[in-house]
Amino acid sequence: MATGHTDPQRRERILAATLDLIADEGVAGVSHRKIAARAGVPLGSMTYHFSGIDQLLREAFRRFTDQIVELFDTYLSAPADRDQARAAVAGLIHTLSDGSRRDLVLTQELYTLAARQPSYRELTHEWMARSRTHLEKHFDPDTARQLDALIEGLTLHRALAQEPHNHALTLEAVTRITTTGSRAT
């Protein structure tokens, strides 16, 4: 097995393995031993790179939320007007809900962890604020907050429904929330 000096991606593999393990077994199933085995690193690498499981979970979840915020940026950086922004939000909802089961589970695991352990709420609050920043490029802050909640709810409902609603219904819901209180872009 490579040493840390010749394995510069070791820390990154540990974070990726942590997210994969959480998606497969939940936060309760996470241990240093399981993560090290999944990442293909010596167990000692865990404490070399992270002060403990709490730091590892925080950094792994931060990486996950960064990926979701990047998706918000991808969808919401291009729209030139309010209608395009609405269509982009509807597209984002469908991308999130039609995406990987892994991301859906990671989202719910993070929310559950934040609900149980207030110290993780800072991470979810930061994530929501960053998502709303992208929405506020097109909508006022109150509308962005409501829209952020709609995105979460519709994503979950579409992902878990036996017969998910279609794009037209998603766009109608986005339009209803954004019709009043929106500012032109």
Side-chain angles (χ1 to χ4, degrees), residues 9-41 43 45-47 49-77 88-135 144-165 167 170 173-174:
Q9 296 301 313
R10 182 174 290 179
R11 190 174 201 285
E12 300 304 314
R13 285 199 329 272
I14 292 169
L15 290 168
T18 301
L19 290 171
D20 289 343
L21 185 62
I22 292 168
D24 289 346
E25 298 186 27
V27 171
V30 170
S31 72
H32 282 217
R33 188 172 304 283
K34 287 180 182 179
I35 294 167
R38 188 171 283 225
V41 302
L43 187 57
S45 292
M46 303 302 293
T47 55
H49 290 287
F50 302 95
S51 62
I53 203 76
D54 189 58
Q55 181 193 11
L56 179 56
L57 287 173
R58 284 180 196 284
E59 288 194 36
F61 275 126
R62 185 169 312 284
R63 166 176 288 180
F64 171 69
T65 61
D66 287 348
Q67 293 168 353
I68 301 299
V69 171
E70 285 176 22
L71 197 56
F72 270 68
D73 184 52
T74 298
Y75 275 83
L76 295 167
S77 63
V89 170
L92 173 63
I93 291 167
H94 282 254
T95 296
L96 291 169
S97 61
D98 294 338
S100 73
R101 176 192 162 280
R102 175 186 182 268
D103 288 354
L104 178 68
V105 170
L106 287 171
T107 299
Q108 298 314 306
E109 285 288 334
L110 175 55
Y111 287 155
T112 300
L113 188 60
R116 288 187 177 138
Q117 297 185 31
S119 63
Y120 282 86
R121 287 189 194 142
E122 178 182 322
L123 185 57
T124 58
H125 286 292
E126 179 185 307
W127 178 18
M128 288 183 256
R130 291 172 63 204
S131 298
R132 284 194 304 266
T133 296
H134 290 289
L135 293 166
R145 181 180 291 267
Q146 293 171 340
L147 195 51
D148 193 32
L150 179 74
I151 291 167
E152 294 292 334
L154 287 181
T155 296
L156 183 60
H157 280 248
R158 284 197 83 255
L160 298 178
Q162 289 181 343
E163 295 180 25
H165 63 271
H167 192 272
T170 303
V174 171

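When the side chain to side chain donor-acceptor pair (under 3.5 Å) test is applied to R132, no partner is found at least two apart in sequence or on another chain. Among residues two or more places apart in sequence or in another chain, the salt bridge (Lys or Arg N to Asp or Glu O under 4.0 Å) test is passed with E25 by K34. Applying the side chain to side chain donor-acceptor pair (under 3.5 Å) rule to D54 yields the partners R58, Y120; only residues at least two apart in sequence or on another chain are considered. The side chain to side chain donor-acceptor pair (under 3.5 Å) check on S97 picks up R158, with sequence neighbours excluded. Partners of S45 by side chain to side chain donor-acceptor pair (under 3.5 Å), not counting sequence neighbours, listed by chain and number: R10.
Of all heavy-atom pairs spanning D148 and S131, the tightest one is OD1-CB, 3.7 Å.
Of the candidates R102, Q108, E109, V105 forms a side chain to side chain contact (heavy atoms under 4.5 Å, CB included) with just one, namely E109.
With rounding to the nearest 0.5 Å, the separation of OG1 in T170 from NE2 in H165 is 3.0 Å. How far CG of D98 is from CD1 of I93: 11.0 Å, rounded to the nearest 0.5 Å. Here the CZ atom belonging to R38 is positioned 4.5 Å from the CG atom belonging to D24, to the nearest 0.5 angstrom. Expressed to the nearest 0.5 Å, how far CG of L92 lies from OG1 of T155 amounts to 6.5 Å. Interatomic distance, CG of L110 versus CZ of F61, reported as 5.0 Å (0.5 Å rounding). Taken to the nearest 0.5 Å, the CG atom of L76 stands 9.0 Å off from the CG atom of L71.
You'll find the side chain of T133 stays beyond 4.5 Å of the side chain of V69, heavy atoms only. Counting heavy atoms from C-beta on, the side chains of F72 and L135 come closer than 4.5 Å. A heavy-atom distance below 4.5 Å is not found between the side chains of I53 and M46. Residues H49 and V41 are not in side-chain contact: their nearest non-hydrogen atoms beyond the backbone lie 4.5 Å or more apart. Looking at heavy atoms from C-beta onward, L160 lies in side-chain contact with L104 at the 4.5 angstrom threshold. Side-chain contact between T18 and F64 is absent, with no heavy atoms from C-beta onward closer than 4.5 Å. Annotation: side chain of E152 is in contact with side chain of T107 (closest heavy-atom distance under 4.5 Å). A heavy-atom distance below 4.5 Å is found between the side chains of V30 and I35.
Applying the 6.0 Å contact sphere to CZ of R13 captures more than 12 heavy atoms from other residues, nucleotides or ligands. Annotation for Q117: atom CD counts as buried by contact number, over 12 foreign heavy atoms lying within 6.0 Å.
Applying the ring-ring contact (aromatic ring centres under 6.0 Å, His included) test to residues at least two apart or on different chains, the pairs with a partner in residues 88-118 are H94-H167, Y111-W127.
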